[in-house]
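Before any comments, here is the structure.
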Amino acid sequence: MRISNELFFEEVERLLSEGLEAEFILRGFSMRPLLEDKRDRVIVAPLRGEKPQCGEVYLFRYRGRHLLHRLHRIEGEELVMRGDGNYLLEERCRACDLVARLVRVRRESGKVIDCASASWRRKSRLWCALPAMVRRVILGVLRRVKRMKGNN
(Lines give C-alpha, C1' and ligand atoms only; values in the text may rest on other atoms or scores of the structure.)
Protein backbone atom coordinates (compact mmCIF):
# COMPACT_ATOMS: atom_id res chain seq x y z
CA MET A 1 0.00 0.00 0.00
CA ARG A 2 1.31 3.45 -0.88
CA ILE A 3 0.34 6.67 0.86
CA SER A 4 1.45 10.22 0.17
CA ASN A 5 4.36 11.69 2.11
CA GLU A 6 2.03 14.41 3.36
CA LEU A 7 -0.36 11.89 4.90
CA PHE A 8 2.51 9.75 6.20
CA PHE A 9 4.23 12.63 7.99
CA GLU A 10 0.91 13.87 9.40
CA GLU A 11 0.71 10.50 11.15
CA VAL A 12 4.36 10.70 12.25
CA GLU A 13 3.72 14.14 13.75
CA ARG A 14 0.58 12.85 15.48
CA LEU A 15 2.54 10.00 17.12
CA LEU A 16 5.28 12.41 18.19
CA SER A 17 2.70 14.82 19.66
CA GLU A 18 1.53 11.93 21.86
CA GLY A 19 5.07 11.49 23.15
CA LEU A 20 5.73 8.36 21.10
CA GLU A 21 8.69 7.57 18.86
CA ALA A 22 8.23 6.96 15.14
CA GLU A 23 10.19 4.54 12.95
CA PHE A 24 10.34 4.57 9.18
CA ILE A 25 12.52 3.45 6.30
CA LEU A 26 14.89 6.14 5.15
CA ARG A 27 14.37 7.31 1.59
CA GLY A 28 16.93 9.39 -0.27
CA PHE A 29 20.68 9.77 -0.47
CA SER A 30 21.22 13.08 1.31
CA MET A 31 22.47 11.47 4.53
CA ARG A 32 25.07 9.19 2.97
CA PRO A 33 27.36 7.61 4.03
CA LEU A 34 26.12 7.25 7.62
CA LEU A 35 22.51 6.58 6.60
CA GLU A 36 21.56 4.72 3.45
CA ASP A 37 18.48 4.86 1.21
CA LYS A 38 16.10 1.90 1.75
CA ARG A 39 18.66 0.10 3.96
CA ASP A 40 18.16 1.94 7.22
CA ARG A 41 15.13 2.41 9.43
CA VAL A 42 15.35 5.61 11.43
CA ILE A 43 13.75 6.09 14.82
CA VAL A 44 12.89 9.65 15.78
CA ALA A 45 11.75 10.92 19.15
CA PRO A 46 9.70 13.97 20.09
CA LEU A 47 11.49 17.12 21.11
CA ARG A 48 10.86 17.78 24.75
CA GLY A 49 11.72 21.46 24.95
CA GLU A 50 15.40 20.75 24.37
CA LYS A 51 17.52 23.36 22.64
CA PRO A 52 18.68 22.38 19.14
CA GLN A 53 22.26 21.12 19.19
CA CYS A 54 24.73 21.39 16.32
CA GLY A 55 25.73 17.96 15.07
CA GLU A 56 22.38 16.33 15.91
CA VAL A 57 20.12 14.98 13.16
CA TYR A 58 16.56 16.32 13.09
CA LEU A 59 13.37 15.68 11.19
CA PHE A 60 12.10 19.11 10.13
CA ARG A 61 9.59 20.83 7.88
CA TYR A 62 11.04 22.59 4.88
CA ARG A 63 9.07 24.11 1.98
CA GLY A 64 6.14 21.74 2.39
CA ARG A 65 8.29 18.63 2.85
CA HIS A 66 9.87 16.76 5.74
CA LEU A 67 13.63 16.28 5.70
CA LEU A 68 16.03 14.42 7.97
CA HIS A 69 19.30 16.37 8.08
CA ARG A 70 22.00 17.40 10.50
CA LEU A 71 22.02 20.78 12.23
CA HIS A 72 25.17 22.31 10.80
CA ARG A 73 25.17 25.69 12.56
CA ILE A 74 22.93 28.28 14.21
CA GLU A 75 22.82 31.84 12.89
CA GLY A 76 20.69 33.95 15.19
CA GLU A 77 17.14 32.57 14.92
CA GLU A 78 17.96 30.47 11.86
CA LEU A 79 19.05 26.85 11.94
CA VAL A 80 21.27 25.86 9.03
CA MET A 81 20.62 22.23 8.15
CA ARG A 82 22.65 20.06 5.82
CA GLY A 83 22.44 16.45 4.70
CA ASP A 84 25.67 14.53 5.29
CA GLY A 85 25.72 13.65 1.59
CA ASN A 86 25.15 17.28 0.57
CA TYR A 87 28.53 18.92 0.79
CA LEU A 88 27.22 22.21 -0.65
CA LEU A 89 23.42 22.47 -0.22
CA GLU A 90 21.92 23.88 2.95
CA GLU A 91 18.40 24.45 4.19
CA ARG A 92 17.44 27.19 6.62
CA CYS A 93 14.61 26.83 9.07
CA ARG A 94 13.61 27.91 12.57
CA ALA A 95 13.40 25.89 15.76
CA CYS A 96 9.61 25.74 15.38
CA ASP A 97 10.11 23.76 12.14
CA LEU A 98 11.91 20.94 13.98
CA VAL A 99 9.63 17.95 14.40
CA ALA A 100 11.83 15.29 16.03
CA ARG A 101 15.39 14.20 16.74
CA LEU A 102 17.04 11.05 15.39
CA VAL A 103 17.69 8.71 18.32
CA ARG A 104 18.39 5.30 16.77
CA VAL A 105 19.07 3.63 13.45
CA ARG A 106 18.06 0.05 12.69
CA ARG A 107 20.17 -1.55 9.94
CA GLU A 108 18.86 -4.20 7.53
CA SER A 109 20.76 -6.77 9.61
CA GLY A 110 18.68 -5.84 12.65
CA LYS A 111 21.60 -4.10 14.40
CA VAL A 112 20.44 -1.02 16.29
CA ILE A 113 22.71 2.01 16.56
CA ASP A 114 22.14 4.47 19.38
CA CYS A 115 22.73 8.01 18.09
CA ALA A 116 23.89 9.08 21.56
CA SER A 117 26.68 6.46 21.50
CA ALA A 118 30.30 7.53 21.39
CA SER A 119 30.82 5.53 18.20
CA TRP A 120 27.98 7.26 16.28
CA ARG A 121 29.04 10.69 17.51
CA ARG A 122 32.68 10.05 16.56
CA LYS A 123 31.74 8.89 13.03
CA SER A 124 29.43 11.89 12.61
CA ARG A 125 32.06 14.39 13.76
CA LEU A 126 34.73 12.78 11.58
CA TRP A 127 32.54 12.85 8.45
CA CYS A 128 31.43 16.44 9.01
CA ALA A 129 35.03 17.58 9.65
CA LEU A 130 36.25 16.33 6.26
CA PRO A 131 36.78 19.00 3.61
CA ALA A 132 33.98 19.23 1.03
CA MET A 133 36.25 17.99 -1.78
CA VAL A 134 37.21 14.85 0.17
CA ARG A 135 33.56 14.12 0.97
CA ARG A 136 32.68 14.64 -2.69
CA VAL A 137 35.27 12.06 -3.78
CA ILE A 138 34.16 9.51 -1.16
CA LEU A 139 30.49 9.96 -2.12
CA GLY A 140 31.37 9.51 -5.80
CA VAL A 141 33.19 6.25 -5.04
CA LEU A 142 30.24 5.01 -2.95
CA ARG A 143 27.82 5.78 -5.81
CA ARG A 144 29.96 3.83 -8.29
CA VAL A 145 30.31 0.85 -5.94
CA LYS A 146 26.56 0.78 -5.32
CA ARG A 147 25.89 0.95 -9.09
CA MET A 148 28.34 -1.91 -9.72
CA LYS A 149 26.66 -4.04 -7.04
CA GLY A 150 23.25 -3.27 -8.52
CA ASN A 151 24.32 -4.42 -11.99
CA ASN A 152 25.44 -7.85 -10.77
Side-chain angles (χ1 to χ4, degrees), residues 1-74 78-130 132 134-136 138-139 141-143 145-146 149-150:
M1 178 177 152
R2 287 190 167 279
I3 61 170
S4 71
N5 271 356
E6 184 179 328
L7 187 59
F8 175 79
F9 282 108
E10 278 180 25
E11 182 63 14
V12 167
E13 287 202 39
R14 186 190 65 75
L15 291 170
L16 293 165
S17 73
E18 293 176 6
L20 301 171
E21 293 180 347
E23 180 174 342
F24 53 93
I25 297 172
L26 182 73
R27 294 303 312 264
F29 300 97
S30 66
M31 286 302 290
R32 279 182 127 179
L34 299 177
L35 299 173
E36 189 65 51
D37 177 59
K38 299 178 192 166
R39 177 194 73 186
D40 296 327
R41 297 181 71 83
V42 293
I43 300 142
V44 295
L47 302 171
R48 294 183 170 89
E50 61 209 50
K51 257 179 100 171
Q53 298 293 314
C54 290
E56 294 289 326
V57 177
Y58 293 96
L59 178 66
F60 64 103
R61 291 180 221 94
Y62 180 73
R63 296 185 180 174
R65 301 179 0 206
H66 285 75
L67 300 176
L68 186 77
H69 285 168
R70 192 175 303 278
L71 176 53
H72 184 61
R73 67 183 180 277
I74 300 171
E78 282 192 323
L79 307 178
V80 181
M81 312 297 287
R82 181 188 291 169
D84 289 352
N86 294 334
Y87 48 89
L88 295 175
L89 299 175
E90 297 177 338
E91 299 87 19
R92 292 174 179 270
C93 67
R94 298 194 174 268
C96 62
D97 297 315
L98 298 180
V99 175
R101 182 173 50 84
L102 179 66
V103 292
R104 289 185 301 286
V105 178
R106 188 182 318 274
R107 300 279 192 226
E108 266 181 333
S109 64
K111 178 182 178 184
V112 176
I113 300 164
D114 181 350
C115 296
S117 71
S119 172
W120 172 265
R121 290 186 181 280
R122 188 172 40 256
K123 287 175 189 173
S124 296
R125 278 194 310 272
L126 175 63
W127 177 254
C128 292
L130 291 173
V134 173
R135 291 178 16 188
R136 179 179 178 202
I138 293 170
L139 290 167
V141 169
L142 289 173
R143 269 191 304 278
V145 168
K146 184 145 181 116
K149 284 182 179 181

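Heavy atoms only: backbone and side chains are in, while hydrogens, waters and symmetry mates are out.
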Exercise. Answer yes or no: is there a donor N or O on one side and an acceptor on the other, between the side chain of Asn86 and the main chain of Leu88, under 3.5 Å?
Key: no

Practice problem: Please determine if Asp84 and Arg70 form a salt bridge, counting it only when a charged side-chain N lies under 4.0 Å from a carboxylate O. | Solution: yes

Exercise. Without swapping roles, check the side chain of Arg39 against the backbone of Glu108 for a donor-acceptor pair under 3.5 Å.
Key: no

Quiz item: Just wondering, do Gln53 and Leu71 contact through their side chains at under 4.5 Å, heavy atoms?
Solution: no

Quiz item: For Met31, which of Arg82, Glu36, His69 qualifies under side chain to side chain contact (heavy atoms under 4.5 Å, CB included)?
Solution: His69

Quiz item: Hey, is CZ on Arg14 packed in by over 12 heavy atoms from elsewhere, all under 6.0 Å?
Solution: yes

Quiz item: Does the side chain of Arg143 come within less than 4.5 Å of Leu139's, by heavy atoms?
Solution: yes

Quiz item: Could you go step by step and tell me if Glu21 and Arg104 meet the salt bridge (charged side-chain N to carboxylate O under 4.0 Å, His left out) rule?
Solution: CA-CA 10 Å; Glu21 293 180 347; Arg104 289 185 301 286; 2.4 Å; yes

Quiz item: Should the pair Phe24 and Phe9 be assigned to parallel (<30°), tilted (30 to 60°) or perpendicular (>60°) ring geometry?
Solution: perpendicular

Quiz item: Is the closest side-chain heavy-atom distance between Arg61 and Cys93 below 4.5 Å?
Solution: no

Quiz item: Should Arg106 and Glu23 count as an ion pair when the cut-off is N to O under 4.0 Å?
Solution: yes

Exercise. Report, as yes or no, whether the 6.0 Å neighbourhood of atom CD on Glu6 holds more than 12 heavy atoms from other residues, nucleotides or ligands.
Key: no

Quiz item: Does any N or O in the side chain of Arg101 come within less than 3.5 Å of the main-chain N or O of Glu50, such that one atom is a donor and the other an acceptor?
Solution: no

Quiz prompt | 4.5 Å side-chain heavy-atom contact, Ile138 and Leu130 | solution = yes

Quiz item: Would you call Asp37 and Arg27 a salt bridge, using N to O less than 4.0 angstrom?
Solution: yes

Quiz item: Salt bridge between Arg73 and Glu90, side-chain N to carboxylate O under 4.0 Å?
Solution: yes

